Every structure is written in C-alpha cells, then in structure tokens.
Amino acid sequence: MTQETVVQLRNVTKRIGGKTIVDHLSFDVPRGEVFGFLGPNGAGKTTTIRMMVGLISMSEGEVLVNGINVNRHFEQAMMHIGAIVENPELYKFLTGYQNLIHFARMIPGISKERIDEVVKLVKLENRIHDKVKTYSLGMRQRLGVAQAILHRPAVLILDEPTNGLDPEGIRELRDYLRHLAKSEGTAIIVSSHLLSEMELMCDRVAIIQNGKLVNVQLMREMVQQQSDEASLVVIEVDEPQRAMQLLTDAISVAEAAVTAEGVTLFLLRDQIPDAIKLLVQGDIRVFSVKTASTSLEDKFLELTRGGQIV
C-alpha cells in the first residue's frame, strides 16, 4: 500500500445558527486505504461527508482531493471523487447496464471496456442486463458502487453503505471494498453503525464526538491488547469458589468474580501461567483459559463514553 495522500481535511468547520456542528476537523487518507469514520448521534459525521462532496458549504477550513481544493475548484475536485450518500440513485425501470451507460454519458472518456471492467469488478456479470427493479438491495449497492467508480476516482466515499443489507450482502460489500482498495488503489472512506463490520473492513478508523476528532488510529493498534497491560482472563474450572480463593490469596488482582464459566479476573500477561500453575497444584481441573481482546466496540464506547452510534 502506497502512502500517497489522496484526501486531506484541514480545520474543516461547520456552524449553523451559532452552533458548531463540526469543529476544526483534520485528517489525511492515503491511496489504497479503507478508512472508517465513526461518531455518536450528532457528532457531525454526515455533515463532514456532505462538506467533502460539496453538498453543503464549510464555515472554515478546506478539503483537498489529490491536492485540489473542493471549495475553489469544485468541478475539477469532483472528477476525483465517487460517492454514495446512504442509498445509490438508480433508474429502476432501466437495466443495470443502461444505468451505467446513462451515467457514463455525463463524463467524457468512459469507454465500453471500462463499463465492462467495473461490472466484472462488482460481480454483476450475470444480472447486469436485468432491470434494476429485480435487483436485491445488495445488488443495487454494488451497481451504485460500479457507477461511482466508473471514472476511476481517487477516493470513494460511502455513507452508511450497509443500510438494509442482509448478512450475505454486507459480507459481499465488505469483500468488494477491500478488493477495490487493493486492486485499484482507491482510497475508501466509509461510515457505518455496524462496528463489527468496520472492524473487519477498515485499515484505520477515525472517531469524532461533538464535531471534534477524538481518535484516529490503525485498526490493528486500536483493537489489539497490549502485552504489558492487564487483560480480562476467563478460566473455566470445576470448582469456581475454591479456585477464586486460591487465586486471590496468592495473586494481587484488581478485579475478580465467580461466573457461570468459572472465574473471571484481570491479570498481567506474566501472571497467567502462575495462576494456572496454582490451580493445577491445588487439584482444580482447568478446562480452558481465554483472554478477552479489546474490540472496536469496546474502544468506541471507551472514547465516547457510551454515546449512541449514528
């Protein structure tokens, strides 16, 4: 993955009626990266996306796409952007192919070969000549993405692309977006309320709250458990009460509890083998030991203090 920067937000701000909706937001997105954009209700996530694609004006700041200022050179900047805000706009009485032909006529330089290429890329070859009204929601989303990338944009922006999709459709879209980022080097900015999907899909995630950037971090760094920090460890045993007594008498732990599975306690990494040795020496049968890793949802709720997700 190249680190060539495609999208730059610099102090992007939106005020409406004296209220600051987005507050000096700044981040970069490189080519070939799937970048997640999360925020609680009213955080300013959708407002930011609308400013990026020119649907609403900014109060301050600038958005650069391939170095082109969206405010100053709007039409030129839009040639480098593909976007779907919520649901793709399609003509349902036309076939999928006719929709793509119609869109291609609006932009010079799109060949029949390019149309066939994106149809194959989104895996709609078998249904592209059927009318869109016969498509499933997942197929319409894929056709919308095909339409958005016809002109080979440097960045693809998707606002809630998984809305209404079934699990199979969500997985298809996720796999396709990762393939698109890898094969065409497209920078993809995607927002979604499905945190488990974002965790599987994204290379990096930005979290905003009250219009301000709270955190932006590589996904693997955000969800991995640091080796020198205390981890939540679940030990399945045959005598939970006695196991708890043995462990808390011998090891200093911040928190411990007896559960249906056995015992649950926070341990440092180096304390885990000591705990198992104690239990075995105490003639307590140990069936399993599980360490709970931090999920994107855990991190999101920690950073936003439990705010609702848009």
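Residue numbers start at 1 and run along the sequence shown. Note that this is a predicted model, so its numbers are computed, not measured.
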Go through it in stages, so that I can follow the logic: the residues are Val190 and Val34, the test is side chain to side chain contact (heavy atoms under 4.5 Å, CB included), and I'd like the CA-CA distance, side-chain angles, deciding distance and then a yes or no.
CA-CA 7 Å; Val190 56; Val34 182; 4.1 Å; yes
Atom pairs and distances, side-chain donor-acceptor, residues 15-25, under 3.5 Å, sequence neighbours left out:
unit_1: Arg15; atom_1: NH1; unit_2: Glu60; atom_2: OE2; d: 3.1
unit_1: Arg15; atom_1: NH2; unit_2: Glu60; atom_2: OE2; d: 2.7
unit_1: His24; atom_1: NE2; unit_2: Glu60; atom_2: OE1; d: 3.2

Find the distance between [atom1] ([X]) and [atom2] ([Y]) and round it off to the nearest 0.5 Å.
X: Ser288; Y: Ile235; atom1: OG; atom2: CD1; answer: 9.0 Å
X: Leu9; Y: Ser26; atom1: CG; atom2: OG; answer: 7.0 Å
X: Phe27; Y: Arg10; atom1: CZ; atom2: CZ; answer: 10.0 Å
X: Leu177; Y: Leu158; atom1: CG; atom2: CG; answer: 6.0 Å
X: Ile189; Y: Phe35; atom1: CD1; atom2: CZ; answer: 6.5 Å
X: Leu268; Y: Asp270; atom1: CG; atom2: CG; answer: 7.0 Å

Where is the tightest heavy-atom contact between [X] and [Y], given as atom of each residue plus distance?
X: Pro88; Y: Gly144; result: CB-CA, 3.6 Å
X: Asp203; Y: Gly32; result: OD2-O, 4.1 Å
X: Val29; Y: Glu33; result: CG1-OE1, 3.9 Å
X: Leu143; Y: Tyr135; result: CD2-CE2, 3.9 Å
X: Leu121; Y: Ser183; result: CD1-OG, 4.2 Å
X: Ala104; Y: Ile110; result: CB-CG2, 3.8 Å

Quick one: does any side-chain atom of [X] pair with a main-chain N or O of [Y] as donor and acceptor, under 3.5 Å?
X: Asn210; Y: Ala43; answer: no
X: Arg142; Y: Val122; answer: yes
X: Arg174; Y: Glu197; answer: no
X: Gln141; Y: Pro161; answer: yes
X: Thr46; Y: Gly44; answer: no
X: Arg140; Y: Glu89; answer: no

Flag side-chain contact, heavy atom, 4.5 Å: [X] against [Y]:
X: Met139; Y: Val132; result: no
X: Leu246; Y: Ile284; result: yes
X: Met52; Y: Val65; result: no
X: Val258; Y: Gln241; result: yes
X: Ile81; Y: Pro153; result: no
X: Ser59; Y: Met51; result: no
X: Arg171; Y: Asp175; result: yes
X: Val214; Y: Ile208; result: no

Honestly curious: do [X] and [Y] fall in one hydrophobic cluster under the side-chain, below-4.5 Å linking rule?
X: Val145; Y: Leu94; result: no
X: Leu64; Y: Ile68; result: no
X: Ile276; Y: Leu278; result: yes
X: Leu200; Y: Ile207; result: no
X: Ile251; Y: Val233; result: yes

Quick one: list whatever passes ring pair (Phe, Tyr, Trp, His ring centres under 6.0 Å) with Phe93, sequence neighbours left out.
Tyr91
Does a side chain donor of either Asp28 or Thr5 reach within less than 3.5 Å of an acceptor in the other side chain?
no
Please check if any side-chain donor atom of Thr134 sits under 3.5 Å from a side-chain acceptor atom of Arg127, or the reverse.
yes
Got a salt bridge between [X] and [Y], using NZ or NE/NH1/NH2 to carboxylate O under 4.0 Å?
X: Arg31; Y: Glu4; value: yes
X: Lys112; Y: Glu117; value: no
X: Arg114; Y: Glu184; value: yes

Given Thr95 and Asp130, is the side chain to side chain contact (heavy atoms under 4.5 Å, CB included) satisfied, shown in steps?
CA-CA 5 Å; Thr95 67; Asp130 294 345; over 6 Å; no
Are Ile107 and Leu150 close enough, and set up right, to give a side chain to side chain contact (heavy atoms under 4.5 Å, CB included), and what steps lead you there?
CA-CA 9 Å; Ile107 303 173; Leu150 264 180; over 6 Å; no
If you count the non-hydrogen atoms of other residues, nucleotides and ligands that lie under 6.0 Å from [atom1] in [X], is the total more than 12?
X: Arg204; atom1: CZ; answer: yes
X: Asn126; atom1: CG; answer: no
X: Glu125; atom1: CD; answer: yes

Starting from the C-alpha separation in whole Å, work towards a yes-or-no answer on salt bridge (charged side-chain N to carboxylate O under 4.0 Å, His left out) for Lys45 and Glu160.
CA-CA 11 Å; Lys45 173 171 60 70; Glu160 300 288 356; 3.5 Å; yes
Candidate pair Lys14 and Ser57, rule side chain to side chain contact (heavy atoms under 4.5 Å, CB included), full reasoning:
CA-CA 8 Å; Lys14 181 65 177 178; Ser57 62; 3.5 Å; yes
Name of the residue among Ile84, Ile115, Leu100 meeting side chain to side chain contact (heavy atoms under 4.5 Å, CB included) with Gln147
Leu100
